[in-house]
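The structure appears below as structure tokens.
Any value given below was found using the heavy atoms of this structure, including those in side chains, with hydrogens, waters and symmetry copies removed. Letters go in sequence order (proteins before strands), and every chain restarts at 1.
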Number of protein chains: 2
Amino acid sequence: MLRKVVLSEAFGRFSDTWSPKIVGDINDQQVKLAKFEGEFVWHHHDDEDELFLLVSGALRIELRDGSVQLSPGEFVVVPRGTEHRPVALPTAEVLLLEPATTLNTGSRPDDERTVGEPQRLDPV
Amino acid sequence: MLRKVVLSEAFGRFSDTWSPKIVGDINDQQVKLAKFEGEFVWHHHDDEDELFLLVSGALRIELRDGSVQLSPGEFVVVPRGTEHRPVALPTAEVLLLEPATTLNTGSRPDDERTVGEPQRLDPV
């Protein structure tokens, strides 16, 4: 039987920041939920586009040549190879879509916030 | 420069139902927005999982062995090969994520609501 994911309920089940949780598998991609707070590390993903859909809070996606600010209900796709830095203002709940292989810190695997194996939140 | 998609604005730019609009490309997948009204056709996709995230309205995803009802902020992933029928109660605004190759009516390509080449809504 199919089980749905209730975003507000799923975000209520964790509080750690910069640690994406897998909530869905679709083809070779994964839907992940993450809480952001303040600034992340500048990084890029060589071969992977990454979608950021803001669910709550405020989020700025900084690029080397500008930035995009998101309100809830807005998304951007950061193309592969593009250096970016997510900055929550001051916090954000974010739905991510990216390949299952994507490391959260991309080109900065030695960053202290690198998550090797994201936790999975099963539907309830 | 990166351009964001504002879901409410994008949904305001079309009114036709059962006709997904492409609003984002991510890896080999596409983000599409669609308006549903009433019942769709029973169908499946042989090789493609499909995500339905409800943005507004009410949506029931019927399966042969049950159904899942979605409120805004809830999503399901319908696995490949699974017969399903979306039913809006009575209307729904839906964010879809699926491979670029996915036909909206899947195994029912001769349905009157089949969309061969979805329109693209460019960011504004």
Spacing of CG belonging to A/L70 relative to CZ belonging to A/F52, to within rounding of 0.5 Å |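 The CG atom of A/L70 sits 9.0 Å away from the CZ atom of A/F52.
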Residue selection (most heavy-atom pairs with chain B, distance under 4.5 Å) from A/L7, A/I26, A/V55 =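 Top count of heavy-atom pairs under 4.5 Å with chain B: A/I26.
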With a 4.5 angstrom heavy-atom cut-off, which part of A/L54 approaches chain B: side chain, backbone, both or neither?
->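 Neither; nothing under 4.5 Å.
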Pick one of side chain, backbone, both or neither for A/L63, based on which atoms fall under 4.5 Å of a heavy atom in chain B.
->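 A/L63 touches chain B through side-chain heavy atoms alone.
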Could you list each N or O donor-acceptor pair linking chain B to chain A at a distance under 3.5 Å?
{"from": "B/K4", "atom 1": "NZ", "to": "A/Q69", "atom 2": "O", "distance (Å)": "2.9"}
{"from": "B/K4", "atom 1": "NZ", "to": "A/E74", "atom 2": "OE1", "distance (Å)": "2.7"}
{"from": "B/V5", "atom 1": "N", "to": "A/F75", "atom 2": "O", "distance (Å)": "2.8"}
{"from": "B/V5", "atom 1": "O", "to": "A/F75", "atom 2": "N", "distance (Å)": "2.9"}
{"from": "B/L7", "atom 1": "N", "to": "A/G73", "atom 2": "O", "distance (Å)": "3.0"}
{"from": "B/N27", "atom 1": "N", "to": "A/D49", "atom 2": "OD2", "distance (Å)": "2.6"}
{"from": "B/N27", "atom 1": "OD1", "to": "A/D49", "atom 2": "N", "distance (Å)": "2.9"}
{"from": "B/N27", "atom 1": "OD1", "to": "A/R80", "atom 2": "NH2", "distance (Å)": "3.0"}
{"from": "B/N27", "atom 1": "ND2", "to": "A/Q29", "atom 2": "OE1", "distance (Å)": "3.1"}
{"from": "B/N27", "atom 1": "ND2", "to": "A/D49", "atom 2": "O", "distance (Å)": "3.1"}
{"from": "B/Q29", "atom 1": "OE1", "to": "A/N27", "atom 2": "ND2", "distance (Å)": "3.1"}
{"from": "B/D49", "atom 1": "N", "to": "A/N27", "atom 2": "OD1", "distance (Å)": "2.9"}
{"from": "B/D49", "atom 1": "O", "to": "A/N27", "atom 2": "ND2", "distance (Å)": "3.2"}
{"from": "B/D49", "atom 1": "OD2", "to": "A/N27", "atom 2": "N", "distance (Å)": "2.7"}
{"from": "B/Q69", "atom 1": "O", "to": "A/K4", "atom 2": "NZ", "distance (Å)": "2.9"}
{"from": "B/G73", "atom 1": "O", "to": "A/L7", "atom 2": "N", "distance (Å)": "3.0"}
{"from": "B/E74", "atom 1": "OE1", "to": "A/K4", "atom 2": "NZ", "distance (Å)": "2.7"}
{"from": "B/F75", "atom 1": "N", "to": "A/V5", "atom 2": "O", "distance (Å)": "2.9"}
{"from": "B/F75", "atom 1": "O", "to": "A/V5", "atom 2": "N", "distance (Å)": "2.8"}
{"from": "B/R80", "atom 1": "NH2", "to": "A/N27", "atom 2": "OD1", "distance (Å)": "3.0"}

Closest contact, heavy atoms only, [X] versus [Y]:
{"X": "A/G116", "Y": "A/L103", "result": "CA-CD1, 4.3 Å"}
{"X": "A/L53", "Y": "A/L51", "result": "N-CD2, 3.7 Å"}
{"X": "B/A92", "Y": "B/A58", "result": "CB-O, 3.7 Å"}

Do [X] and [Y] share a hydrophobic cluster (ILVMFWY, side-chain heavy atoms under 4.5 Å, transitive)?
{"X": "A/F36", "Y": "A/V41", "answer": "yes"}
{"X": "A/L97", "Y": "A/F75", "answer": "yes"}
{"X": "A/V23", "Y": "B/L95", "answer": "yes"}

